[in-house]
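Lettering follows sequence order; numbering is per chain, from 1.
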Amino acid sequence: MFEAQLVEGKTFKAIIEAIKDLVVDCNLDCSEEEVAIQSMDSAHVSLVAVRLSASAFSNYRCDRPNSLGINTANMSKILKMLGKDDSITFKAEDESPDSLTMLFEGGKSTIADFELKLMDIETEQLGIPDTPYQCTIQMRADEFQRIVRDLQVLGDTCTISCGKEGVRFSVTGAIGNGNILVRSSDEDKDKVTINMEEPVELNFALRYLNFFTKATPLAENVVISMSPDVPVVVEYPIEEFGHVKFYLAPKIEE
Amino acid sequence: ETVQTYIRQYYPLN
C-alpha cells in the first residue's frame, strides 16, 4: 500500500508544471524514504531528477518500493482542479496498480477524488556521480528566468562563463549579440553567491534552459553548478524536503 | 560550429 498526504498540494502541482514540457511519461518511484522521478527528455539531451522526501508528507506509508507510471499532461489536467490551499492524498495498491487515487481536500466541506490511469513505463536510470563542481552560482530564480527569456530573442546558444568578475551569460545571433553579467552581491533582496575553484565556460541550448525555468515558482533561489566538459545542473530546492534538478549536456565545438 | 551532446554520454546506466 502506498498512501501519502501532501498538505501543500500546490507543491506537487508546481513540480508537474515544471517538468511536463520536457517529460511526457515518467515513473513516480515511491519508496520508504521518498517519492522520486528521474527521466530524460525525448531528445535525450537533458535529465530531470525530482525528489520529495517522506518528511515532506504529513502521513506517509509505502510498504514496498513501487513505480507508478504517469503521463504528465494527464496528471496536469487533473491538478488543474486542485484548489490553491488543498492538500493531496495519494493512494495506490501494492501490486502493479492500474490507477493512482488522489484526494483533494480544502478547508471547506468539499472533498474531490480522482483516479489517474497508470501505465508501464520502461526507463533507463542513469547514475549521476556525486562529485563537487568547479563553480556554483546561487541567485534569484526569477532573475535567472528573466535572463534566459531575454537572451532567447538573440540566438539559440547561451555561453555561461563563471570567472573572477562574476557569471556572464552571452548570446551571439544573426541580429547581434548580448551579455548579461551577474556579480556577487550580499544584498538581501538580490543576493548572488558565487563559489569558484576554477573559471568555467560552457555552451548550452537556451531552449532547454528556458524549459528549466518553468520550475521558478517552486523556489526563491536557483543553484547552477558547472564543471568543465560535464552537464550543468540547475537545481530548484523545495524547502528542506527535496528538489527539482535539471541536467543539461553542453554543446561542444566540433 | 557547436554541436549538442547527449546526457547519456556523461552518466552511466544504473
Side-chain angles (χ1 to χ4, degrees), chain A residues 22-23 27 29 36 38-49 67 122-131 133 155-160 170-173 201-209 211-212 225-234 245-254, chain B:
Chain A
L22 274 177
V23 173
N27 281 319
D29 293 316
Q38 193 203 85
S39 180
M40 282 182 272
D41 72 280
S42 55
H44 290 202
V45 164
S46 69
L47 181 80
V48 176
S67 289
E122 283 193 24
T123 55
E124 290 179 322
Q125 289 282 312
L126 300 186
I128 300 158
D130 190 14
T131 49
Y133 285 85
D156 301 330
T157 303
C158 179
T159 304
I160 306 179
S170 312
V171 178
T172 302
E201 181 174 302
L202 290 168
N203 297 316
F204 297 104
L206 271 167
R207 174 181 149 76
Y208 282 88
L209 295 177
F211 280 137
F212 302 166
S225 303
M226 299 201 303
S227 279
D229 307 318
V230 297
V232 63
V233 188
V234 180
K245 288 184 184 180
F246 300 97
Y247 298 81
L248 177 61
K251 286 183 162 187
I252 57 169
E253 296 292 329
E254 199 172 37
Chain B
E1 197 191 349
T2 57
V3 292
Q4 178 65 59
T5 57
Y6 296 94
I7 200 81
R8 279 271 301 275
Q9 293 170 245
Y10 300 92
Y11 301 134
L13 277 176
N14 246 355

Which donor-acceptor pairs sit under 3.5 Å apart between chain B and chain A?
{"residue": "B:E1", "atom": "O", "partner": "A:E254", "partner atom": "N", "Å": "2.8"}
{"residue": "B:V3", "atom": "N", "partner": "A:I252", "partner atom": "O", "Å": "2.7"}
{"residue": "B:V3", "atom": "O", "partner": "A:I252", "partner atom": "N", "Å": "2.8"}
{"residue": "B:Q4", "atom": "NE2", "partner": "A:A249", "partner atom": "O", "Å": "2.9"}
{"residue": "B:T5", "atom": "N", "partner": "A:P250", "partner atom": "O", "Å": "3.3"}
{"residue": "B:T5", "atom": "OG1", "partner": "A:P250", "partner atom": "O", "Å": "2.5"}
{"residue": "B:I7", "atom": "N", "partner": "A:H44", "partner atom": "O", "Å": "3.0"}
{"residue": "B:R8", "atom": "NH1", "partner": "A:E124", "partner atom": "OE1", "Å": "2.7"}
{"residue": "B:R8", "atom": "NH1", "partner": "A:E124", "partner atom": "OE2", "Å": "3.2"}
{"residue": "B:P12", "atom": "O", "partner": "A:G127", "partner atom": "N", "Å": "2.7"}
{"residue": "B:N14", "atom": "N", "partner": "A:Q125", "partner atom": "O", "Å": "2.6"}

Please round to the nearest 0.5 Å and tell me the distance separating atom CD1 of B:I7 and atom CG of A:L248. 6.5 Å
Verdict with reasoning, A:I128 to A:L47, per side-chain contact (heavy atoms from CB on, under 4.5 Å): CA-CA 10 Å; A:I128 300 158; A:L47 181 80; 3.3 Å; yes
Taking every non-hydrogen atom, the tightest pair across A:L206 and A:G155: CD1-O, 3.4 Å
With rounding to the nearest 0.5 angstrom, report the CZ to CG distance, A:F246 to A:L209. 10.5 Å
